[in-house]
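Below: one structure, written as structure tokens.
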Amino acid sequence: MLKNIPSILPPILLKTLCEMGHGDSIVIADGNFPAESVGKNAIVIRMDGHGVPEILEAILKLLPLDQYVEKPVALMERCAGDNADVSIWEKYKKILKSSGEGSAKSIRMLERFAFYDEAKKAYAVIATSETSQYANVILQKGCIIQGK
């Protein structure tokens, strides 16, 4: 056992977060996301039974966001004409703020297929059971700065 590691994070995810370097990205995908096909060149970690917000909150306790890019967090835009509930985005903004890793200004919106293209470049994809639509998140890893 280790101290101060959120219990929701499985060992394979801890290993993956450690392996990631500055600029690498990780996708936290909702239950509708094609994690296996988009992540065929990445590490795919199944976290069935969990939702995106609690995983995001746990990861941000360990993972610094990229401080050298304006928007190190990406979300998938709603498709034109889709009125899906995206209130989960407000949860993400609160989690970013409370983590000290960002704010609403840290988020960029990507069109659906642009999001998929960006996700295909990710080091890892976490597949969740999140039922909210448009709940996918891409995080770009930053550096730990000595003395901070």
Side-chain angles (χ1 to χ4, degrees), residues 1-78 86 88-148:
M1 298 278 305
L2 298 171
K3 293 170 37 174
N4 302 319
I5 302 291
S7 62
I8 191 174
L9 301 179
I12 186 65
L13 181 51
L14 294 172
K15 177 183 182 291
T16 301
L17 293 173
C18 283
E19 291 171 346
M20 291 173 62
H22 176 236
D24 282 340
S25 62
I26 188 165
V27 178
I28 310 172
D30 65 34
N32 292 307
F33 190 81
E36 297 294 337
S37 59
V38 169
K40 66 184 173 190
N41 295 317
I43 298 164
V44 177
I45 299 168
R46 299 222 49 103
M47 290 190 68
D48 301 287
H50 298 289
V52 173
E54 59 264 33
I55 296 169
L56 176 64
E57 185 172 23
I59 287 174
L60 288 177
K61 291 180 181 190
L62 305 175
L63 184 87
L65 292 179
D66 196 335
Q67 62 272 50
Y68 299 117
V69 297
E70 187 178 341
K71 297 179 185 270
V73 179
L75 300 179
M76 183 187 291
E77 287 180 346
R78 255 191 303 211
V86 291
I88 197 163
W89 295 349
E90 292 306 313
K91 290 181 185 178
Y92 296 167
K93 291 173 187 173
K94 288 177 185 173
I95 292 168
L96 280 166
K97 185 177 179 182
S98 68
S99 74
E101 283 296 326
S103 68
K105 293 179 182 177
S106 305
I107 298 171
R108 62 189 162 111
M109 302 302 295
L110 295 174
E111 179 274 332
R112 178 181 169 207
F113 293 104
F115 188 96
Y116 289 148
D117 288 342
E118 196 69 24
K120 288 176 184 176
K121 301 175 198 171
Y123 187 81
V125 177
I126 301 169
T128 75
S129 295
E130 180 61 56
T131 58
S132 298
Q133 290 182 274
Y134 300 102
N136 307 298
V137 181
I138 300 175
L139 303 175
Q140 187 169 328
K141 186 176 182 181
C143 299
I144 295 175
I145 300 174
Q146 190 173 12
K148 288 191 178 186

My understanding is that only residues two or more places apart in sequence, or in another chain, count here; which of them pass ring-ring contact (aromatic ring centres under 6.0 Å, His included) with Tyr116? Phe33, Phe113
Roughly how far, to the nearest 0.5 Å, is CD of Glu54 from CD1 of Ile8? 4.5 Å
Nearest-0.5 Å distance, OG of residue Ser37 to NZ of residue Lys120: 7.5 Å
Please walk me through it: do Tyr123 and Ile26 pass side chain to side chain contact (heavy atoms under 4.5 Å, CB included)? CA-CA 6 Å; Tyr123 187 81; Ile26 188 165; over 6 Å; no
Considering residues at least two apart in sequence or located in another chain, which fulfil the salt bridge (Lys or Arg N to Asp or Glu O under 4.0 Å) criterion with Lys15? Glu19
Taking every non-hydrogen atom, the tightest pair across Lys141 and Met20: NZ-O, 2.7 Å
Scan Val27, Ile59, Thr16 and name whichever one has a side-chain contact (heavy atoms from CB on, under 4.5 Å) with Ile126. Ile59
Side chains of Lys91 and Leu56 in contact at under 4.5 Å (non-hydrogen atoms): no
What's the shortest heavy-atom distance between Pro64 and Cys143, and which atoms? CB-O, 3.8 Å
According to salt bridge (Lys or Arg N to Asp or Glu O under 4.0 Å), does anything in residues 31-53 pair up with another residue at least two apart or in another chain? List the pairs. Glu36-Arg46, Arg46-Asp48
Just how far is it from atom CD1 of Ile55 to atom CE of Met47, taken to the nearest 0.5 Å? 4.0 Å
Backbone N/O of Asp66 and side chain of Gln140: donor-acceptor pair under 3.5 Å: no
I need the His22 NE2 to Gln67 CD distance, nearest 0.5 Å. 5.5 Å
In short, Pro6 meets Lys61 closest at the heavy-atom pair CG-CD, 3.9 Å
Heavy-atom closest pair, residues Thr128 and Ala29: OG1-O, 2.6 Å
Qualifying residue, where the test is side-chain contact (heavy atoms from CB on, under 4.5 Å) with Val137 and the options are Ile107, Leu96, Val73: Val73
If you measure from CG on Leu139 to CG on Asp24, what distance do you get to the nearest 0.5 Å? 12.0 Å
With a 3.5 Å distance limit and no angle check, can you tell me whether Tyr134 reaches the backbone of Arg112 through a side-chain donor-acceptor pair? no
To check you understand the geometry: which heavy-atom pair defines the closest contact between Lys93 and Ala104, and what is its length? CD-CB, 3.8 Å
Residues Gln133 and Val86: closest non-hydrogen pair is O-CG1, 4.5 Å
Quick one: CG on Asn32 to OG on Ser129, what's the gap to the nearest 0.5 Å? 10.5 Å
Is Leu9 close to Leu62 at the side-chain level, that is, under 4.5 Å between some pair of heavy atoms? yes
Going by heavy atoms in the side chains, are Leu110 and Asp117 under 4.5 Å from each other? no
Does some side-chain heavy atom of Glu130 sit less than 4.5 Å from a side-chain heavy atom of Pro53? yes
